[in-house]
Each structure stands twice: as C-alpha cells, then as structure tokens.
Amino acid sequence: MSAKFFKIPFEPLKSFNFRVENPQESNESLHFHPELELRYIVSGKGIQFIGEEVSCFAEGDLFLLGENLPHAWRFDLGDSPKEKSGKIESQVIEFSTQFSSQLSKFPEAHTLKALFEKAKQGLIIQGDSKGKLIELFQKFESKSSPKNLAQLLELASVLSEISDYSIISPGYVDGEMAQLPELYRFEKVFLYIKENYKDEIKLDEVAALANLSPTSFCRYFKSITNQTLIEYVTQIRISKACMKLLEKNDSILAVSYECGFNTLSNFNRQFRKITGMTPNDYKKSYFNFTKSNQSLGYSN
C-alpha cells in the first residue's frame with residue numbers, strides 16, 4: 001500500500017480537533033498528515049499500519065503519532081450481524097502544526113520537542129501517564145468549548161512528563177529526522193538489522209557500526225528507541241512475521257523460521273507477547289475484517 005496525503009480540516013481559530021470515531025462500516029486507507037495525532041482506542045481491536053510496521057491494537061491502547069507518519073487503523077468489523085453490532089470507538093485529538101510548534105517552544109515544555117521528534121516513529125504510551133491521559137480524554141466535549149483548551153494544556157503537561165512508552169516503528173526515519181545526530185549515528189544500525197533480521201544479530205557487530213563500545217551502544221540505543229537491542233530485533237521480526245502471515249500461505253512454522261526464530265514455541269510466545277494474540281488468531285482476525293470490508297466494497 002502507498003500512503004496518501006490527507007488534509008485534516010481545521011475550523012477557523014481552532015488549534016486542535018477533538019472527535020469520536022465509530023468506524024462501523026469501513027476502515028481507513030493508509031495516509032499521513034503534518035498534524036500530530038493522539039488516539040485512544042476506547043473499544044474494538046484490529047491491525048495497525050504505522051511507519052514500516054504492522055501490528056495489532058486493542059481496547060485501551062493509546063498512541064501518539066508524529067507529523068507525516070504513514071498510518072492506518074483497520075478495525076475487526078466482524079463477519080456476523082452479532083459481531084457487527086459490537087461497539088467500535090476511537091477518541092482522537094489532532095494538534096495543528098502551528099499549535100504543536102509553538103507549544104514546544106515554551107521553556108516549561110522543553111521535553112515536548114524531544115517527544116514530538118520520537119513520535120515521528122510512532123509511540124504507544126504506557127504506565128501512569130497513560131491513565132492520566134485517558135482520564136483527560138473523558139473530559140473533552142465534542143462541541144467547541146473553552147473548557148477543551150484548558151483540558152488540552154493539562155494534557156500537554158502530562159505528555160511533557162512521559163517516560164514510559166514504546167516506539168512502534170524505530171527504523172522509520174523521515175528526511176528531517178534523519179539529520180538528528182543521534183539518529184544519523186544509528187542509521188547504519190537500523191539498516192543492518194532490517195536487512196539481516198533473519199540471522200543472529202550480534203551486539204559487538206552492531207556496536208561497531210555505530211563506532212561505539214557495546215556498553216555505550218546499549219545505553220544510547222535504549223535512549224533513542226526506549227528498547228534494548230534484543231527487544232528491538234524481536235519487534236522487527238514479529239512485524240515482518242505479521243506481514244508474511246497476511247501476504248503468504250506459508251505455514252506458521254515456515255514463517256517463524258523465515259523471520260529468525262529457532263523454535264516455534266519461542267515464536268508463538270514472542271508473537272503473543274507483542275501482538276496479544278496467537279499467530280493463528282491473528283490470521284483469522286485479519287481474514288474476518290478483510291472479508292467484511294470486501295462485502296462492503298472497501299479496498300486498499
């Protein structure tokens with residue numbers, strides 16, 4: 001799929017949008033926009049396409065997507081009338097480019113600039129901050145209200161303190177972001193892992209690509225991706241497995257070996273840990289909502 005530019009409509013004199021989405025009949029296509037997006041999955045589950053990664057999302061997940069990051073949310077719309085009657089809901093806040101730029105310039109919000117840069121690779125927010133942000137979501141009003149601005153500033157304050165999150169697509173770097181010194185240093189590392197994820201990835205070899213000692217590499221790599229090298233490689237492998245399970249008719253065993261896992265049991269364990277479901281359930285879930293979309297005339 002190729003991502004298409006999507007122009008988010010902003011009303012005059014508004015610096016952000018808040019809306020509730022209920023995609024009961026169809027799913028969106030892969031797209032990108034310059035506005036930051038904060039999305040809370042109130043109910044429903046499905047498969048997300050973010051940057052270069054494919055993975056699952058579920059009820060309760062909270063995402064922050066940076067500017068121009070390709071993404072799409074494909075909800076499992078169900079196949080039977082009973083399944084289709086189930087509630088699907090997302091709550092979304094979109095920050096205008098002017099608002100997010102000006103906000104990050106305030107001295108009190110200096111940490112937001114770094115967070116917004118990392119959000120260009122997609123973040124799934126966890127920990128105590130997640131609960132605080134979800135509580136604030138509940139206070140927003142659908143109609144334009146001065147109260148929403150107060151809630152937004154409080155929400156920005158919570159965002160500035162976030163430390164517990166995972167980067168969804170660490171290898172995705174747009175042109176501007178690639179110029180950041182720490183990411184430029186690791187550009188060869190990301191490329192090496194993407195090309196060799198099927199094989200054993202050795203710490204000393206990737207550290208050498210970044211011209212760092214193994215100890216320094218681990219420290220800097222964790223500061224950039226919020227993951228250890230092992231966690232990052234595992235995520236890449238599972239993401240590749242997700243795509244192969246959807247694109248090919250190979251057995252789950254064949255896909256597991258093709259994606260660098262030595263045993264099926266380890267593959268199943270890591271797949272469930274990252275996606276929240278088994279490889280077989282993942283395929284069934286995708287088949288169900290693909291079939292539902294096709295019946296409604298939807299295509300990529």
Please test Phe75 against Ile47 for side chain to side chain contact (heavy atoms under 4.5 Å, CB included), starting from the C-alpha separation and ending with a verdict.
CA-CA 7 Å; Phe75 281 87; Ile47 296 174; over 6 Å; no
With rounding to the nearest 0.5 Å, note down the distance linking OG in Ser166 to CD in Gln121.
12.5 Å
Do Phe271 and Tyr282 have their ring centres less than 6.0 Å from each other?
yes
Exceeds 12 heavy-atom contacts within 6.0 angstrom, atom NZ of Lys244:
yes
Looking only at the side chains, is there a donor atom on one of Ser157 and Ser160 sitting less than 3.5 Å from an acceptor on the other?
no
Backbone of Ile134 reached by a side-chain donor or acceptor of Gln138 within 3.5 Å
yes
Looking at Lys132 and Glu154, is there a salt bridge between them, counting it only when a charged N and a carboxylate O are closer than 4.0 Å?
no
Shortest non-hydrogen pair, Phe95 vs Leu38, comes out as CE1-CB, 4.3 Å
Are any of the side-chain heavy atoms of Arg237 and Phe261 separated by less than 4.5 Å?
yes
Ring centroid separation Tyr40 to Phe140 under 6.0 Å:
no
Side chains of Glu161 and Thr111: closer than 4.5 Å at any heavy-atom pair?
no
For a 4.5 angstrom cut-off between non-hydrogen side-chain atoms, does Gln91 reach Arg19?
no
Do you know the tightest heavy-atom contact between Pro34 and Glu67?
O-CB, 3.1 Å
From CD1 (Ile167) to CD1 (Ile124), nearest 0.5 Å
12.5 Å
Determine yes or no for a side-chain-to-main-chain donor-acceptor pair under 3.5 angstrom, with Gln48 supplying the side chain and Ala72 the backbone.
no
Interatomic distance, CD1@Ile193 vs CZ@Phe190, rounded to 0.5 Å, equals 7.5 Å
Taking His33 for its side chain and His31 for its backbone only, find out whether a donor-acceptor pair lies under 3.5 Å.
no
Treat each ILVMFWY residue as a node, draw an edge where side-chain heavy atoms are under 4.5 Å apart, and state whether Tyr257 and Leu245 are in one component.
yes
Enter the distance from Ser163:OG to Gln126:CD here, rounded to the nearest 0.5 Å.
10.5 Å
Plane angle bin for Trp73 and Phe63 - parallel if under 30°, tilted between 30 and 60°, otherwise perpendicular:
tilted
Do Thr278 and Asn268 come close enough that some side-chain heavy atom pair is under 4.5 Å?
no
Side chain Thr234, main chain Ile230, donor-acceptor under 3.5 Å
yes
For Asn262, I'd like to know if atom CG has over 12 heavy atoms of other residues, nucleotides or ligands within 6.0 Å.
no
Heavy-atom side-chain contact between Leu191 and Leu209 under 4.5 Å:
no
Indicate yes or no for a side-chain donor-acceptor contact from Ser169 to the backbone of Gly51 under 3.5 Å, with no hydrogens or angles considered.
no
So, applying side-chain contact (heavy atoms from CB on, under 4.5 Å) with Leu133, which one of Ile93, Val158, Asp128, Leu64 is it?
Val158
Under a 4.0 Å N-O cut-off, is there an ion pair linking Arg39 with Glu21?
yes
Side chain to side chain, Ser129 and Asp164, heavy atoms closer than 4.5 Å:
no
Quick one: pull up CZ in Arg74 and CZ in Phe49 and give me the separation to the nearest 0.5 Å.
5.0 Å
Measure the shortest side-chain to side-chain distance between Asn196 and Asp199 over non-hydrogen atoms and say whether it is less than 4.5 angstrom.
yes
Compare every heavy atom of Gly122 with every heavy atom of Leu65, then report the nearest pair and how far apart it is.
CD2-CA, 4.0 Å
Should the ring pair Phe221 and Tyr232 be called parallel, tilted or perpendicular, given that the plane angle runs from 0 to 90° and is split at 30 and 60?
perpendicular
Cluster overlap Val206 with Leu212, hydrophobic side-chain contacts below 4.5 Å:
yes
The test is side chain to side chain contact (heavy atoms under 4.5 Å, CB included); show your working for Lys120 and Leu69 and say whether it passes.
CA-CA 6 Å; Lys120 292 180 179 180; Leu69 176 65; 5.8 Å; no
Distance-only side-chain donor-acceptor flag, Lys118 / Tyr165, under 3.5 Å:
yes
Please check if any side-chain donor atom of Asn266 sits under 3.5 Å from a side-chain acceptor atom of Thr263, or the reverse.
no
Does any part of the side chain of Phe267, heavy atoms only, come nearer than 4.5 Å to the side chain of Ile238, both counted from C-beta?
yes
Between Val92 and Leu149, is there shared hydrophobic-cluster membership here, with clusters defined by ILVMFWY side-chain heavy atoms closer than 4.5 Å?
no
Under the side chain to side chain contact (heavy atoms under 4.5 Å, CB included) criterion, do Ile162 and Leu159 qualify, and how do the steps go?
CA-CA 5 Å; Ile162 283 178; Leu159 281 174; 3.5 Å; yes
To the nearest 0.5 Å, what is the distance between NZ on Lys202 and CG on Leu229?
13.5 Å
Whether the side chain of Glu35 engages the backbone of Gly66 through a donor-acceptor N/O pair (distance < 3.5 Å, no angle test) should be reported.
no
Could you tell me whether Glu59 and Lys45 make a salt bridge, using a distance below 4.0 angstrom between a side-chain N and a carboxylate O?
no
Determine yes or no for a side-chain-to-main-chain donor-acceptor pair under 3.5 angstrom, with Ser256 supplying the side chain and Leu253 the backbone.
yes
